[in-house]
Amino acid sequence: MNVTEATSGLRPSVVKWLGAAAGWAAAWWAGLPAIAQALLMVQAADVLTGLLCALTGKSPKSESGRVSSRALSAGVVKKGLEWLAVCICIHVGGALEMNGIGGAAMTYMIATELVSLMENLETFGLDIPILRTILDVAQGKRTQDGSDEG
């Protein structure tokens with residue numbers, strides 16, 4: 001089946017709107033700074049792995065371990081609030097002529113999302129050593145030279 005056959009039942013205006021939406025999304029994505037793209041990708045991976053945990057009954061976010069609309073809604077709201085904080089940091093940083101504030105906020109949020117992503121992956125028995133090392137250093141359990149703290 002080719003594209004013409006697949007879209008033959010659609011009105012031409014629907015196909016045009018779908019094409020315009022896809023073009024807009026691609027242009028929007030390409031115009032984002034790399035750090036914003038990274039944050040979106042990590043957030044998407046966290047949501048996807050969280051859903052997979054819930055679909056397999058292994059989610060720590062609900063009593064049953066299954067999909068919970070409350071947990072999903074809370075996660076989506078959290079990610080939306082993260083972007084609100086990023087927007088505020090970008091604008092306040094611009095007003096103070098300190099343009100790195102938005103990037104610093106996104107870097108912090110990428111780190112927290114990576115922690116959540118790592119927890120989700122560990123639920124499936126996957127251990128990614130580099131993420132574990134980054135987490136240990138961030139939490140002060142290990143120094144950057146590899147020695148254990150305390």
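- Residue-environment remark: NZ (K16) stays at or below the threshold of 12 foreign heavy atoms within 6.0 Å.
- By the 4.5 Å heavy-atom criterion applied to side chains, W83 and I88 are not counted as neighbours.
- Under the 4.5 Å side-chain heavy-atom criterion for ILVMFWY residues, no single connected hydrophobic cluster contains both I101 and L32.
- The CE atom of M118 lies 10.5 Å from the OG1 atom of T123; values are rounded to the nearest 0.5 Å.
- Contact record, L55 with R66: O-NH1, 3.0 Å, taken as the closest heavy-atom pair.
- The hydrophobic clustering, which links ILVMFWY residues whose side-chain heavy atoms are closer than 4.5 Å, places I110 and W29 together.
- Rounding to the nearest 0.5 angstrom, the gap separating the CG atom in L40 from the CD1 atom in I35 is 11.5 Å.
- Linking ILVMFWY side-chain heavy atoms closer than 4.5 Å, directly or via other members, places Y108 and L114 in a single hydrophobic cluster.
- Residue F124 is not grouped with residue L117 when hydrophobic side chains (ILVMFWY) are merged at heavy-atom distances under 4.5 angstrom, including chains of intermediate members.
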Next item on the list: Run the numbers on T112 and E82 for side-chain contact (heavy atoms from CB on, under 4.5 Å), then give the verdict.
Entry: CA-CA 11 Å; T112 62; E82 286 177 347; 4.2 Å; yes
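- Scanning both residues, E113 and L39, for their nearest heavy atoms gives CG-CD1, 4.3 Å.
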Next item on the list: Show your reasoning for whether side-chain contact (heavy atoms from CB on, under 4.5 Å) applies to L121 and I128.
Entry: CA-CA 8 Å; L121 293 174; I128 301 175; 3.4 Å; yes
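- The minimum heavy-atom distance between M109 and V86, with the atom names listed, is SD-CG2, 3.6 Å.
- The two residues S116 and D46 make their nearest non-hydrogen contact at OG-OD1, 2.7 Å.
- The NZ atom of K78 sits 14.5 Å away from atom OG of S73, with the distance rounded to the nearest 0.5 Å.
- If you chain together hydrophobic residues whose side chains sit under 4.5 Å apart, L81 and I90 never meet in one group.
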